[in-house]
Participant: 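Would you mind keeping the following structure in view while I ask a few things?
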There are 2 protein chains.
Amino acid sequence: MNPKKITIQDIADCANVSKSTVSRVLNNTTPVNDKKREAVLKAVKDLDFEPNSLASGLAGGNSMIIGVQTQKIGSPFYDLVTRGVIHCLTDTRYSPILVDGVWDKEIELKGIDTLLRRQIDGLIIIGGDIEKEQLLHLAAKKPLLLVGREVEGLQDRCLYVDNFDIGYQATKFLIELGHRQIVHITGIKSHQDSVRRLNGYLHALEEAKIPYDADLVYEGAFDGPSGVKAIDTVISRGKKFTAVFAANDMSAFGARLALYRHGIDVPDEVSLIGIDDQTEAPYMTPPMTSVRQPAFQMGVAAGNAMLDLLMNKEFELPKPSVQISVRESTAKVEK
Amino acid sequence: MNPKKITIQDIADCANVSKSTVSRVLNNTTPVNDKKREAVLKAVKDLDFEPNSLASGLAGGNSMIIGVQTQKIGSPFYDLVTRGVIHCLTDTRYSPILVDGVWDKEIELKGIDTLLRRQIDGLIIIGGDIEKEQLLHLAAKKPLLLVGREVEGLQDRCLYVDNFDIGYQATKFLIELGHRQIVHITGIKSHQDSVRRLNGYLHALEEAKIPYDADLVYEGAFDGPSGVKAIDTVISRGKKFTAVFAANDMSAFGARLALYRHGIDVPDEVSLIGIDDQTEAPYMTPPMTSVRQPAFQMGVAAGNAMLDLLMNKEFELPKPSVQISVRESTAKVEK
DNA sequence: CGGCGTCTTGAAACCGTTTTCATAAATATA
DNA sequence: TATATTTATGAAAACGGTTTCAAGACGCCG
């Protein structure tokens, strides 16, 4: 299976120079006589030489690998960020290694360990539950960037959207359309994000002097089935409502289906807004209004920031702004 | 940033044994005196030692990395396969490195090169356009698995669904519901898959003695906008049709939206079937019928097969079966 | 023409492991 | 009890690069 590996030594022999010179030519680290340089280059071509990254990583001290930890592979938002990172790293000399933390502190730490063993040059953690102290400790030994988290003491390393604001804006948007009975389907309550979005919702209600009704809030799980269940439950509670704000698009899709089942028209009877602005949102019937998070761009930004960080360049993480993609699932409330 | 790396030598010193013994303890490769073993283990704990994978990869000859090449990160099917692979590798000693080939022969080869440089122990290529000869050549030097491709000479290394059959089954399903004017929105025509699905469609028509009408076929691009355009186009051609078979769910979603815009009821006036059975399909209104490809499971299967392959165990790739998730976007044709 | 700084180059040390090899100790065999 | 095996262990040689170091070649100046 392995015919025989060509090493830098073979090139050296073939080009009648020393290993050192070959290395120098390959990395452009020191000027080399043109004739020798070309001899080396020719030998590289002729022998079809591929440098061994493990060896150069070991010798040079940098693996050219960036560790990326995501959560529950398959979640629209986190996947999209991850894709952004990977996309950004393509065409650089760095490669990403992915680990999934599945929102479980212990597994996350194990994953980080794996990455550290692999001598990653930098680490991008997307979401997750790892404690502040551990992150600080980690940041002390590896270039670290956090996406979708806000950690005290690491502000300049955090790239996140203001989830409170997302919840607030979405709710306010509905209120301004005249809605006052607004169902909120929350995310998984152990996630910071869910709580912040809920708080944003509460704040918007308060600001509009709309009394809070616990029966209108349902604890979902960021997925379709919980969206369905949410609507079924609220209806079975005998509650009237004219709008639904779901903590992400998947649960909004679930809600959409449940409303359809109950023969409730969207948006004539009930308005519906989600979060994420997934690719599919514009293709719902009617096209669904959603709060857009620039997830992919955030991934790219994190990737670029990491590259800068690794080159000791100044960098600044953008503060992504939240926009509502207004479509046809939301409408003014009928009087 | 790097206080001081603990190496195997430090452990050896601390435990009063040689490096060799430490290595042996760590890898359980040779029996070691219990006392020494424990001394080593204690030292590892005390000093918080993390072995350097680059070094062990170099010395031991296996990097414990599996290269995964996917195409156009963000495509539902390919992403899902990739996720399956990654999921399967979690909790093994292997880590995945991802590269995106973006369906471009040259970029794909460059990506493979990167992976080879990194001394991957195995390679899983999902989709892509790399020529048969190159793949054979590749398979000769690295354990190789192909997902979503069928390559002569590497049959036992290929995991794919029969795309002809998918096209055939989907079309036949519609025909059996009584449809005879069936629009087909194809995928990107340079992809093998698209052509096979189209051929399956043609075959089903032929079998049912339905004359082929080129005006009912629209070349799409596996995405939402092309689905919309397809319907608009066919309608503008003045064509009557009672069913639409889209080459994937995203284009089916586009078609769904276009039908909605044109005030055409699904499924009363037009039936709609897609391929992929994306997470979102059951939440369309009405829930969409789709041909299910077990993409995630295929990824897992590929991962497992790779693990077997690496341990020189026998393995067999499943021949994934195609099922139609029948929902409410398809109905018997009205007489 | 001798001395000095610069530039190019090869030899050798190093990166942190694994693995081979030889040796010393322990056990089994005769 | 002497000899043949087996076992545990350390020293040293890989693995395939990068980087330090010193030396040789070269040009420049006085």
Side-chain angles (χ1 to χ4, degrees), chain A residues 1-41 43-44 47-65 93 114 116-121, chain B residues 1-41 43-44 47-65 93 114 116-121:
Chain A
M1 185 133 254
N2 274 323
K4 72 213 157 268
K5 290 258 169 183
I6 307 279
T7 77
I8 204 178
Q9 182 66 63
D10 300 323
I11 303 297
D13 294 347
C14 173
N16 271 314
V17 297
S18 69
K19 295 196 311 179
S20 328
T21 303
V22 177
S23 171
R24 292 193 258 256
V25 170
L26 259 31
N27 302 306
N28 266 318
T29 123
T30 307
V32 163
N33 178 295
D34 271 350
K35 277 205 188 115
K36 303 203 175 187
R37 141 171 279 104
E38 282 178 20
V40 168
L41 260 21
V44 166
L47 302 187
D48 194 22
F49 170 68
E50 303 236 313
N52 179 328
S53 314
L54 295 181
S56 55
L58 180 59
N62 34 23
S63 61
M64 292 300 182
I65 292 182
R93 300 170 24 79
T114 309
L116 291 178
R117 276 192 165 70
R118 293 204 181 272
Q119 312 300 116
I120 49 168
D121 289 339
Chain B
M1 186 132 256
N2 275 325
K4 74 220 155 265
K5 291 257 169 182
I6 307 279
T7 78
I8 206 179
Q9 182 66 62
D10 299 322
I11 304 295
D13 293 348
C14 173
N16 271 313
V17 296
S18 70
K19 295 193 313 178
S20 329
T21 302
V22 177
S23 172
R24 293 195 255 256
V25 169
L26 260 30
N27 302 307
N28 266 317
T29 127
T30 305
V32 163
N33 178 296
D34 272 350
K35 279 208 186 111
K36 301 202 176 185
R37 143 171 276 105
E38 281 178 20
V40 168
L41 260 22
V44 167
L47 302 187
D48 193 23
F49 169 68
E50 304 236 314
N52 180 329
S53 316
L54 295 183
S56 54
L58 180 59
N62 34 23
S63 61
M64 293 298 174
I65 292 181
R93 299 167 30 75
T114 309
L116 290 178
R117 275 192 166 69
R118 293 204 181 273
Q119 312 300 118
I120 49 168
D121 289 339

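Residue numbers begin at 1 in each chain, while the letters A, B, ... track the order of the sequences.
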Participant: Are A:Ser23 and D:dG17 close enough that a side-chain N or O sits under 4.0 Å from OP1 or OP2?
Facilitator: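 No, because none of the side-chain N or O atoms of A:Ser23 sits under 4.0 Å from OP1 or OP2 of D:dG17.
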Participant: For the side chain of B:Ser53 and the backbone of A:Arg117, is there at least one donor-acceptor N/O pair under 3.5 Å apart?
Facilitator: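 The answer is yes, because a donor-acceptor pair under 3.5 Å joins these two groups.
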Participant: Base, sugar-phosphate, or nothing for A:Val22, non-hydrogen atoms under 4.0 angstrom?
Facilitator: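 Answer is nothing: A:Val22 stays at 4.0 Å or more from every strand.
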Participant: Could you check how far CG of B:Asn33 sits from C1' of D:dT9, rounded to whole Å?
Facilitator: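 My rounded result for the distance is 10 Å.
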Participant: Want to settle it: does A:Lys19 or B:Lys36 sit nearer the 5' end of DNA chain D, counting the closest nucleotide to each?
Facilitator: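 Of the two residues, B:Lys36 wins.
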Participant: Calculate the interatomic distance between B:Asp13 atom CG and D:dG10 atom P; express it in whole Å.
Facilitator: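 Computing the B:Asp13:CG to D:dG10:P distance gives 12 Å.
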Participant: What's the CZ-P distance between A:Arg118 and C:dC15, to the nearest Å?
Facilitator: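 Rounding to the nearest Å, CZ of A:Arg118 and P of C:dC15 are 22 Å apart.
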Participant: Categorize B:Ser20 for me: base, sugar-phosphate, or nothing, with a 4.0 angstrom heavy-atom threshold over every strand shown.
Facilitator: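 Counting heavy atoms under 4.0 Å across all strands, the contact made by B:Ser20 includes a base.
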Participant: Are A:Asn52 and D:dC15 close enough that a side-chain N or O sits under 4.0 Å from OP1 or OP2?
Facilitator: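 Checking D:dC15 against A:Asn52, no side-chain N or O comes under 4.0 Å of OP1 or OP2.
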Participant: Find which nucleotide of DNA chain D each of A:Ala59 and B:Gly60 is nearest to by heavy atoms, and output the residue with the more 5' nucleotide.
Facilitator: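 With A:Ala59 and B:Gly60 compared, the 5'-side residue is B:Gly60.
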Participant: What is the distance, rounded to the nearest whole Å, between atom NZ of B:Lys35 and atom P of D:dT9?
Facilitator: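 One finds 11 Å between P of D:dT9 and NZ of B:Lys35, rounded.
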Participant: Starting at the 5' end of DNA chain C, which residue's closest nucleotide do you reach first, B:Phe49 or A:Ser18?
Facilitator: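 The 5'-side residue here is A:Ser18.
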Participant: Tell me which one of B:Thr30, B:Leu41, B:Val17, B:Val44 satisfies side-chain contact (heavy atoms from CB on, under 4.5 Å) with B:Val25.
Facilitator: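 With B:Val25 as partner, B:Thr30, B:Leu41, B:Val17, B:Val44 yield a single side-chain contact (heavy atoms from CB on, under 4.5 Å), made by B:Leu41.
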Participant: So how far is it from A:Thr21 OG1 to A:Ile11 CD1, rounded to the nearest 0.5 Å?
Facilitator: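 Going from the OG1 atom of A:Thr21 to the CD1 atom of A:Ile11 covers 13.0 Å.
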Participant: Under 4.0 Å, counting only non-hydrogen atoms across every strand here, what does A:Thr7 touch: a base, just sugar-phosphate, or nothing?
Facilitator: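 The answer is sugar-phosphate, as A:Thr7 gets under 4.0 Å only of primed atoms, P, OP1 or OP2.
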Participant: For the OG atom of A:Ser56 and the CG atom of B:Leu58, what is their distance to the nearest 0.5 Å?
Facilitator: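 One gets 9.5 Å once the value is rounded to the nearest 0.5 Å.
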Participant: Taking CZ from A:Arg37 and P from C:dC7, how many angstroms apart are they, rounded to a whole number?
Facilitator: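 After rounding, the reported distance stands at 16 Å.
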Participant: Any side-chain N or O of B:Thr21 less than 4.0 Å from the OP1 or OP2 oxygen of D:dT9?
Facilitator: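 Answer no for this pair, as no side-chain N or O of B:Thr21 is under 4.0 Å from OP1 or OP2.
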Participant: To the nearest 0.5 Å, what is the distance between CG (B:Asp13) and NZ (B:Lys19)?
Facilitator: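 Answer for the CG-NZ pair, B:Asp13 versus B:Lys19, is 10.5 Å.
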Participant: Between C1' on C:dT19 and CG on B:Leu58, what's the gap in Å once rounded to a whole number?
Facilitator: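 Nearest whole value for this atom pair: 13 Å.
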Participant: A:Ile8 has an atom CD1; how far is it from atom P of D:dT19, in whole Å?
Facilitator: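 Going from CD1 in A:Ile8 over to P in D:dT19 covers 11 Å.
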Participant: Just how far, in rounded Å, is P of C:dC14 from CG of A:Asn62?
Facilitator: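 Checked: the CG to P distance equals 20 Å.
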Participant: For A:Ala55 and A:Arg24, take the nucleotide of DNA chain C holding the closest heavy atom to each; which residue's nucleotide lies nearer the 5' end?
Facilitator: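 First, find each residue's nearest nucleotide; the 5'-ward one identifies A:Arg24.
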